[in-house]
Structure formats: structure tokens, C-alpha cells
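Note that the structure is predicted; figures quoted are calculated from it, not measured. Proteins get letters first, then strands, A, B, ... in listed order; numbering begins at 1 in each.
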2 protein chains.
Amino acid sequence: MAHPITRAGDTSADRREQARDLIRDVLERIGDKWSVVVICQLSDTTRRFNELRRMSAPITQRMLSTTLRGLERDGLVTRTVHDTTPPRVDYALTPRGLSLLKVVRDLAGWAEDNASGILESRTAFDAR
Amino acid sequence: MAHPITRAGDTSADRREQARDLIRDVLERIGDKWSVVVICQLSDTTRRFNELRRMSAPITQRMLSTTLRGLERDGLVTRTVHDTTPPRVDYALTPRGLSLLKVVRDLAGWAEDNASGILESRTAFDAR
DNA sequence: CAGCATCCCTCTCGATACTG
DNA sequence: CAGTATCGAGAGGGATGCTG
């Protein structure tokens with residue numbers, strides 16, 4: 001089945017609304033303050049907690065922890081605990097997280113291409 | 001110039017941090033509760049205020065107004081006032097808004113493709 | 001019709017301190 | 001090293017009422 005969340009009996013309006021909620025759901029995941037940052041730091045390799053913390057500065061410990069939980073919950077990153085002293089925990093992107101990274105990079109590309117134009121528009125708008 | 005926001009003298013770390021802030025900036029625009037919904041409603045044609053309101057239900061008047069202001073400020077939609085009685089205002093996507101729509105559709109596609117998997121991951125995670 | 005003004009509440013996020 | 005616990009400020013957003 002192509003779109004398992006649609007159900008028989010849905011009107012087309014229902015389906016449009018479901019699609020909207022779906023996009024919003026994903027946007028809430030990557031639209032928070034730190035998720036995309038963390039995903040990008042994991043783009044090429046596995047990283048440890050404090051390594052991510054440094055690379056994602058000025059993220060706080062609490063927010064990195066919270067963000068990683070959320071990403072893990074959605075199956076976007078894996079959390080691997082090595083039972084050593086001192087403790088060591090590795091984080092890495094799952095295949096799903098990697099596929100999201102691609103989309104995020106498109107978004108980043110659009111952002112770069114349009115950043116100066118957007119800033120100009122804002123300045124012009126605020127001048128009125 | 002390909003990337004006008006980078007400045008001479010930036011370290012590569014500076015540039016990475018700028019790129020991150022840039023993506024976050026865009027995500028704050030489309031990551032709010034209604035922007036993407038409104039953009040999608042304008043995908044094929046010009047629409048009037050209350051038309052958008054009905055199509056984007058259950059958006060409130062206040063939030064539609066706020067959202068449209070934000071999109072207009074960033075040069076993503078145009079606002080055209082027709083001086084008639086009763087008053088009539090048309091909203092439409094700009095070329096920039098249209099280019100964003102393409103990216104948003106990719107995101108929506110990813111969301112659809114991964115929705116069921118994400119929901120499964122969440123259920124499994126929460127079961128622990 | 002197309003809004004703006006006001007009130008209020010929730011939820012995110014940051015700061016700080018503490019732990020196995 | 002890799003977190004958790006608690007507190008508080010602030011922004012986002014909903015409900016309602018009013019206006020040109």
C-alpha cells in the first residue's frame with residue numbers, strides 16, 4: 001500500500017487534511033531549535049555526547065539530551081551504550097535519518113540560495 | 001557571488017555555524033504552525049482572505065493574518081488590495097514562494113513515505 | 001469582507017545544580 | 001563522561017470582541 005495512513009471512506013478533503021497534519025508532524029520534529037543541527041553533525045560519522053555538545057555549541061546539555069531522545073524515538077538516530085569506565089555513548093544516523101538528511105540538505109540549499117533575497121525583503125517590509 | 005552571506009576572513013567553523021543559523025531561520029519560517037498549510041493552499045491560484053480561512057480550517061483569523069504577514073515580509077506571498085466595496089484582498093505566491101513550495105513538497109513526500117515507520121518507532125520507544 | 005486589539009495559557013527552551 | 005531534576009522567563013498561539 002502506498003499511503004497506509006489513509007483509510008477507506010475518507011473524503012478527498014479528509015485526505016488533504018491528513019496530509020497537512022502529517023507534514024506538520026514532521027516539521028515539528030525538525031522545526032525545533034536543535035534537531036537539524038544535530039542531524040547535520042551526525043551526517044558523516046558516529047559521535048559521542050560531549051563531542052556533539054561541542055560541535056553544536058551553544059546547545060545546552062539538557063537540550064542536546066532532549067533532542068537526541070526525540071530523534072531516537074522517531075527512529076532517526078541510534079544510541080549505543082558501551083559499558084566501560086568512563087561511560088561512552090555513541091550516536092549515529094539510522095537509514096531513515098540519513099534519508100531525512102538528504103531532504104534537509106535540499107532545504108538548506110534553498111535557504112542559502114534565498115537568504116539574501118529574504119533578508120532584503122524583510123528590510124524593505126520593515127521600512128514601511 | 002554564490003554565497004553572499006559569507007564574508008572574507010571567516011573560518012570554516014564560522015561558515016558552518018552561519019549555514020546552521022540560516023537553516024534554522026528558514027525552519028522558523030516554515031516550521032510554525034500554519035505557514036506550510038497556507039503556502040499549499042496558494043499552490044495553484046490566487047486566494048482571498050476568507051477563502052484561505054475556510055480552506056485552512058481550523059486556523060483562527062488572527063493566526064491567518066499573522067501568518068500571511070510573515071510570508072509577505074519574507075517575499076513569499078503578495079498581498080493585493082482591491083479598492084472596492086466590500087473590500088477584497090488577494091494573496092498569491094511569489095516566484096520565491098513557488099520555489100519554496102517545491103522544497104516543501106519534497107519534505108511532504110518524505111513525510112508520507114516515512115510516516116508509518118515513524119509512528120511504529122514511536123510506539124516501540126514509548127513501550128519501554 | 002478583512003482584519004486588529006486584548007487577554008490568557010501552554011509549551012519550549014535556557015540556566016543552574018546535582019548524579020552514577 | 002553522560003546524563004537527570006528543577007525552576008523560571010518568554011514566545012507562540014487560541015478565544016473573544018470590536019472596526020472600517
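- Between A:His82 atom NE2 and D:dG3 atom C1' the separation is 16 Å, expressed in whole Å.
- We find that CZ of B:Arg29 is positioned 13 Å from C1' of D:dG12, with the value rounded to whole Å.
- Rounded to whole Å, atom P of C:dA17 lies 13 Å from atom CD of A:Gln61.
- Picking from C:dC13, C:dC4, D:dG14 the nucleotide with the shortest atom distance to the side chain of B:Lys33 gives D:dG14.
- Which of D:dG14, D:dG3, C:dG14 sits closest to the side chain of B:Thr60 comes down to D:dG14.
- Rounded to an integer number of Å, the gap from CG of B:Asp90 to P of C:dC1 is 14 Å.
- When the side-chain nitrogen and oxygen atoms of B:Arg79 are compared with OP1 and OP2 of C:dG3, one or more of them lie within a distance under 4.0 Å.
- Comparing atom distances between the B:Arg69 side chain and each of C:dA17, C:dC4, D:dC1 picks out C:dC4 as nearest.
- Between D:dG3, C:dA2, D:dG14, one nucleotide has an atom nearer to the side chain of A:Val89 than all others, and that is D:dG3.
- Mapping B:Arg54 and A:Met63 onto DNA chain C by nearest heavy atom places B:Arg54 at the nucleotide closer to the 5' end.
- One atom, CG of B:Leu52, and another, P of C:dA2, lie 9 Å apart when rounded to the nearest Å.
- Between C:dC4 and B:Ser65, a contact under 4.0 Å exists linking OP1 or OP2 to a side-chain N or O.
- Although no hydrogens or angles enter the test, the distance criterion places a donor-acceptor pair under 3.5 Å between the side chain of A:Ser121 and the main chain of A:Gly117.
- Between A:Leu27 atom CG and D:dG13 atom P there is a gap of 12 Å when expressed in whole angstrom units.
- Side-chain atoms of A:Tyr91 lie closest to D:dG3 of the nucleotides D:dG3, D:dC1, D:dG13.
- Within the 4.0 Å cut-off from OP1 or OP2 of C:dC1, not a single side-chain nitrogen or oxygen of B:Arg48 is found.
- Taking 4.5 Å as the limit, some side-chain heavy atom of A:Leu52 sits within range of a side-chain heavy atom of A:Leu68.
- One can place CD of A:Glu28 at 11 Å from P of C:dC11, the figure rounded to the nearest angstrom.
- B:Val89 and B:Leu64 end up in the same hydrophobic cluster when Ile, Leu, Val, Met, Phe, Trp and Tyr side chains are linked at under 4.5 Å.
- For A:Arg53, there are no salt bridge (charged side-chain N to carboxylate O under 4.0 Å, His left out) partners, not counting sequence neighbours.
- Between B:Glu120 and A:Arg96, none of the side-chain N atoms (NZ, or NE/NH1/NH2) sits under 4.0 Å from a carboxylate O, so this pair counts as no salt bridge.
- Distances were taken from every side-chain heavy atom of B:Arg62 (C-beta onward) to each of D:dG3, C:dG3, C:dT6; the shortest belongs to C:dT6.
- A sub-4.0 Å separation between OP1 or OP2 of D:dA2 and a side-chain N or O of A:Arg53 is absent.
- Heavy-atom nearest nucleotides on DNA chain C were determined for A:Pro58 and for B:Phe49, and the one closer to the 5' end corresponds to B:Phe49.
- Remark: P of C:dT16 and CG of A:Leu64 are 18 Å apart, rounded to the nearest angstrom.
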